[in-house]
Each structure stands twice: as structure tokens, then as C-alpha cells.
2 protein chains.
Amino acid sequence: MSEFLPKDHPRYESIRMREHLVDMVDAKVLAPEGLIAHGRGEAFDYLIGEKTPDCVLGPIRAAAAALLTAERPIISLNGNAAALCPEAMVELAEATGAKLEINLFYRSRERIEAITKLMEKAGAREILGTDEARQGQIPEIGSERKRVDSEGILIADTVFVPLEDGDRTEALVKMGKRVITIDLNPLSRTSRTASISIMDHIVRAVPAMTRAAIELKKLNKTECLTVLDGFDNDKAFAEALRFISARLKALAGDAS
Amino acid sequence: MSEFLPKDHPRYESIRMREHLVDMVDAKVLAPEGLIAHGRGEAFDYLIGEKTPDCVLGPIRAAAAALLTAERPIISLNGNAAALCPEAMVELAEATGAKLEINLFYRSRERIEAITKLMEKAGAREILGTDEARQGQIPEIGSERKRVDSEGILIADTVFVPLEDGDRTEALVKMGKRVITIDLNPLSRTSRTASISIMDHIVRAVPAMTRAAIELKKLNKTECLTVLDGFDNDKAFAEALRFISARLKALAGDAS
């Protein structure tokens, strides 16, 4: 599609990312609906100024501490996460000791295989959620996202579910798991329900989590748990909303 | 895709609209990138509460007055507009006397034909922008959206360009045309540059414009021009930003 895109377009980088995702649909990594989800993310990212807000550094650090101190941490991969930052997901898994598990709303064998291939190319050594014989179910979910690995998400104590839907976040929390999410929409059920919500773009937040994990590994487990216990998701959520609200108000002031 | 979607999903209607748009990609009406644009719209619509804010009623009325009082009004159709509300676009054209013209960022003969067919099915009698022999160009645009009908947008005094990109809005304004847009993102270049910006979902705003046009037709032209002259887009823009900002602040208050 790049033949259509003039290099001097003010949104060149953003449009290139879109075209990469369209290619990922052709490669079956992403469901077409994943493009719509990306658009929602773009809009919220635009609102926060397309950079990681300071108010998100706390959730990022808490998330890294949660993965590091968990007994059985899992990183859940959907099509968008795999398409946008496969290497960064592998690096986070390695830095925290979490395992990667594929979990899809629009689930098909073809997509699972395409994502597995992509993740292996990005350096992943073990990928859960691919063996139908080991399939378990999360209760109270109607969609295909209920299908999880019985040796992965089903028995995990901490699950990192970036770009998650609200149903599944709620169900995982109800199962007593600590749920970490990345969601640029601070009003979504996912953001409101998760134990730790990171309002940032996945391509920035995941490397930031990895850097935080590498720093936190210098502490002992008790110190890491202190970081985690000191975190208040409701307070962070309110701060995130105030951040966007203040940005809009400033822009409104400029315009009037 | 609906086999995946449980009917009790809290976002059922929204997901159905997404699936319709995915079908429209298969039908070549929509470019895959159009799905990403829809996602951006969804996000901003979510922020305004998924209904037409009161502060948008002024721009809607001014837009109807602009189309009614123009000498050569044109309604520009892209893939998303055609896919989302073909009948409403035809009704607006009929109520205002404006002509419909197809104009695409990812332009191809195949897409123009698919959209023409869709619009004819929706009741459109004349569609501009389909005859290559009559093609003109808007200066200063790199993308395919520069191609316009020499008997349509090129010579129009007022152009309604819902879901437009910033480049083309700027170029049309520079050509001295009155530009009306629908854009749920109040921070976009399109919203900031257009003569009249409507921050609302196209499926709600276009029927509202038609209703406003039918009301305004009861007035004489001088009275219509008074409606138009009394409209201040900068003021409306600032009001729209304050509306979203206040909504977020209230939500942040609830959460803290």
C-alpha cells in the first residue's frame, strides 16, 4: 500500500504502522477486527500525546514487580500484541521468567500457527496455548478467549494480558488471579477491572516493563513485594483520567 | 465472524458494526486501513458517551445551512462513509441539493465500482468522481485524494467531507472553499482546519444534518445565511474539548 503514501505526510510513521498491521492481517496473525482495536488505541494514544505519561511509570514498575514475584506468571499474547512487538514480548518473558501463551478472540488453527511462527522468529523458545489436548477453560466467558492452556493461564497466579477485552479481564480477576493489562482506554472495563492497568501504547510500555524488571531484579523479593503492595490501582486510574482531562482542558484553552 | 460473538456480550451492537465493516472490506468498499480509522472513531465516541453532545447541535445546524445556501455544494464520500450510512448520505444530498462525489485515499477502479454499486442500491441517482476523463486535481496533496471531479469538488464552493484526512481539509480550505467535516477527534488537523467541524459519530450526525436542513428550508435564504454567519467554529471547537475534558474529570472524580 505504501505506493499511496507520500513520505512527507505528517503522520508517516503512524501510517507505516497501520500498513504493517494490514500486512499482518494478510499473514493471518491479526484478525481484521484487530485493525479496529488498533485504531481505538491510536485515538487514545493521540490524546495522551503519543508518549508514556509520568503517571504510568508507577503501574509499569508495579507490573514488573508482580511478574517477578509471581509463582506462575503468564504473558498472554493476542494477534495485536504479536503483530506490534513480538521481540519485546520475548524480552519481557526472559527478564521476568514468565511464560508466553497465545490466546485469541477470533481463534483458529491457522492463526495460532501464524503467531507461533512469528514469535519463534522473534526468539520465543516455549509458547503455551498451542496444544489442543492441554486446553482448559475459564468459566463465565462466552467467546473463544475462554480457551486457555491448562498448564498456563488456568493455573497462573499472575497474568499479563495486554490489549485484553473486558469479559476476560473480569473472569480472570474473579478466578483470584492478579491481572496486569495495557489499555490506552482508561474508561474500558479492562482498565477498571484489572489489578494493575497501564495506560500506554504497548510498543512503549512492554520495553519499559522489561527495563523496570531488570532494575527490580537488583532488589530482594521482600523489597519487590513492597513495591507491589505500595501500588494503588484506583489512585493510578484516577490520575490517568486527570492527566487526559488536563491535556484536553489546556488544548481547549489554547483554542478559545 | 458472528459465530464467535455471544449475544449477551456487553458491546454486542458495537461488535456487530465492526463485523459489518469487515464484510465491507471483503466487498472492496472499505480499504483495510478504513477499519483502523473506524477504531479511532469508536474510541472518541466512547469518550463523548456514544451520543450526540449538545455542543454539537450548533455545528450540525450551521453545516445544514451551509449546504442549503451554497451555489455548488458537494458531499464527498469515502469508503467508511459509504459503508456506515449509505442511505443517510443519499437523504442528506436530497434534502440539501448537494451532489455526491466518491473520493478515496486508497483509490482503485475496483473500489470506486463497489462504492458506486452500494450507493446506487441506497438510492443515489448521480455519483460524481467516477469518470476518469473528468478528473481534476487539488493542488498540494501527495495522496490519491487529490483526484477530484472537475465538475464536482474542483468547482464546489462548499464541500462536506466527513471522516476526512487533515491534508485534504487544509488543501480545500486553501482553495477558498467552505469545508464541513465530521470528525470525532477534536484534536485532529481536520477538526481544527475545517470551516465547520462536527464532533459526532457519522451515523448520528448525518441524519441530524438532514433533519436540520428540512427545518431550515422553512426559512428564506437570508435567514439561513444568518444561521451560518452566527456560527463560530473556534468557539464550538473549544466547547467540544471542554465537554470531553469535563466528562473525564467527572469520571476521574468517581474513581478517586
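Model, not experiment: these values are computed from the prediction. Convention: sequence-line order gives letters A, B, ...; per-chain numbering from 1. Hydrogens, waters and symmetry mates are skipped; everything else that's a heavy atom, side chains included, is used.
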(message) If you count heavy atoms of other groups shown closer than 6.0 angstrom to CZ of Arg178(A), is the number above 12?
(response)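 It does not: Arg178(A) CZ has 12 such atoms or fewer within range.
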(request) Verify the neighbour count for atom CG of Asp54(A): are there more than 12 heavy atoms of other residues, nucleotides or ligands below 6.0 Å? (result)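 It does not: Asp54(A) CG has 12 such atoms or fewer within range.
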(message) Please give me the minimum heavy-atom distance between Ser76(B) and Val159(B), naming the atom from each residue.
(response) CB-CG1, 4.4 Å
Options [options], ranked by heavy-atom pairs under 4.5 Å with chain A, top entry:
options: Gly34(B), Ala240(B), Ala43(B); answer: Ala43(B)
options: Asp232(B), Val25(B), Asn185(B), Ile244(B); answer: Asn185(B)
options: Ala37(B), Gly41(B), Gly166(B), Ser245(B); answer: Ser245(B)

(message) Can a side-chain donor-acceptor contact be found between Asp200(B) and Thr52(B) if the only test is distance below 3.5 angstrom?
(response) yes
